[in-house]
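Before any comments, here is the structure.
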Amino acid sequence: MSRADEIFIAMCRDILDNGTDTRGEKVRPHWEDGSLAYTIKKFCVVNRYDLREEFPALTLRKTAIKSCTDEMLWIWQKKSNNIHELNSHIWDSWADETGSIGKAYGYQLGVKHNYREGQMDQVDRVLYDLKNNPYSRRIMTNMYVHQDLSEMALYPCAYSMTFNVTRVPSDPEGKLVLNGVLNQRSQDVLTANNWNVCQYAVLLHMLAQVSDMVAGELVHVITDAHIYDRHVPLVEELISRETYPAPVFHLNPEVRNFYDFTPDDVNLENYITGPQIRNIPVAV
């Protein structure tokens, strides 16, 4: 069993056994047939993944590493808010006739800000600080900008990353270690949990490589971790499956500029998984 499987199974079991049921409450999401989409939820789930030990991809079912990397790069590298620059259809339901999702996600990371060191967007500021001020306690991004919320097709779910650099005490001459905290206000656990974990694990590996560091811990903080009512039997079946060892992660070592990475630079070897779950109903 991979550590990611262990964490996921424990989280789902805790939500199902000890969570709060929202049936009968006023909720916003609904199913395609118009009925309200209720959840079983837990407040403030915190999961820790040490990327030096293994890559946190589930083996209970496959996480499409290149597709989730493509969406992450769409946001963090392309800084795009247009689905025509994304090689999947996961955002189609929220896009307008031009393909825009409004002032959300990549748009916010691409906005230029004035700093003492000059004008930069949030991603370039992170890259600058990792190179010039690695021990800064101010290396972070935020996509939840209140003044623009009314112009977003969907409020950001995974909205903030805080980076922190450490050095291993037992290896004072070794490379610096890049750690990150992903803050997420809300998460549909079945459809998005491991997708987001893998995305930000890849991001940490990429930022670490171009900053001459090694990827360390990814801490995932989820304020509202929920399982939808129609997902409960799917989750019960999923967490009862056989598990396998974690796959081996490879990132193209020749890429030294963050803006040169592509999904093809990411690969998982020996990735053995259970079958995919098809036709998962999605609440909107």
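Small disclaimer: the values here were computed from a predicted structure and weren't measured.
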Report yes or no: does [X] contribute a side-chain atom to a donor-acceptor pair with the main-chain N or O of [Y] at less than 3.5 Å?
X      : Y      : result
Asp121 : Asp124 : yes
Ser100 : Asp96  : no
Gln184 : Ile222 : no
Tyr271 : Leu58  : yes
Arg125 : Met120 : no
Glu85  : Trp74  : no
Ser160 : Thr141 : yes
Arg256 : Gln209 : yes
Arg3   : Asp50  : no
Gln108 : Val145 : no

[Y] and [X], any side-chain heavy atoms less than 4.5 Å apart:
X      : Y      : answer
Tyr244 : Glu242 : yes
Arg241 : Asp5   : no
Met206 : Leu73  : yes
Thr273 : Arg61  : no
Val232 : Glu236 : yes
Lys131 : Ser211 : no
Leu207 : Leu130 : yes

Is the count of non-hydrogen atoms from other residues, nucleotides or ligands lying under 6.0 Å from [X] atom [atom1] greater than 12?
X      : atom1 : result
Lys112 : NZ    : yes
Arg13  : CZ    : yes
Lys78  : NZ    : yes
Lys79  : NZ    : yes
Glu254 : CD    : no
His89  : NE2   : no
Asn279 : CG    : no
Glu32  : CD    : no

Open item on the list: Looking at Arg23 and Asp229, is there a salt bridge between them, counting it only when a charged N and a carboxylate O are closer than 4.0 Å?
Closed with: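 Looking at Asp229 and Arg23, the cut-off is not met.
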TODO: May I ask you to decide whether Glu71 forms a salt bridge with Lys66, counting only side-chain N to carboxylate O separations under 4.0 Å?
DONE: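 Looking at Glu71 and Lys66, the cut-off is not met.
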Open item on the list: If hydrophobic clusters are built from ILVMFWY residues whose side chains come within less than 4.5 Å, do Val248 and Leu268 share one?
Closed with: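 In one cluster: no.
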Open item on the list: With a 4.5 Å cut-off on side-chain heavy-atom distances among I, L, V, M, F, W and Y, is there a chain of contacts connecting Val210 to Val177?
Closed with: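 Per the 4.5 Å side-chain linkage, Val210 and Val177 are not co-clustered.
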TODO: Evaluate side-chain contact (heavy atoms from CB on, under 4.5 Å) for Tyr144 paired with Asn183, printing each intermediate quantity in order.
DONE: CA-CA 11 Å; Tyr144 206 92; Asn183 280 292; over 6 Å; no
Between [Y] and [X], do the side chains contain a donor N or O and an acceptor N or O under 3.5 Å apart?
X      : Y      : result
Thr166 : Asn179 : yes
Thr262 : Asp264 : no
Asn82  : Ser80  : no
Thr63  : Asn194 : yes

TODO: Mind running side-chain contact (heavy atoms from CB on, under 4.5 Å) on Val219 and Asn47 for me, showing each step along the way?
DONE: CA-CA 6 Å; Val219 180; Asn47 294 323; over 6 Å; no
TODO: Start with the C-alpha gap between Asn193 and Gln187, add the side-chain angles, then the distance that decides, and say whether side-chain contact (heavy atoms from CB on, under 4.5 Å) holds.
DONE: CA-CA 7 Å; Asn193 180 262; Gln187 185 174 75; 2.7 Å; yes
TODO: Kindly determine whether Tyr159 and Asn142 satisfy side-chain contact (heavy atoms from CB on, under 4.5 Å), including the steps that lead there.
DONE: CA-CA 6 Å; Tyr159 67 90; Asn142 179 29; 3.6 Å; yes
Open item on the list: Using a 6.0 Å distance limit plus a 45 degree cone around the ring axis, check whether Arg185 lies over the aromatic ring of Tyr155.
Closed with: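 Ring-cation test returns no.
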Task: Ring center gap for Trp31 and Tyr228 short of 6.0 angstrom - done: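 Yes, the ring of Trp31 comes within the 6.0 Å limit of the ring of Tyr228, centre to centre.
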TODO: Kindly assign one of parallel, tilted or perpendicular to the pair Phe55 and Phe249, based on the angle between their ring planes and the thresholds 30° and 60°.
DONE: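 Phe55 and Phe249: parallel rings.
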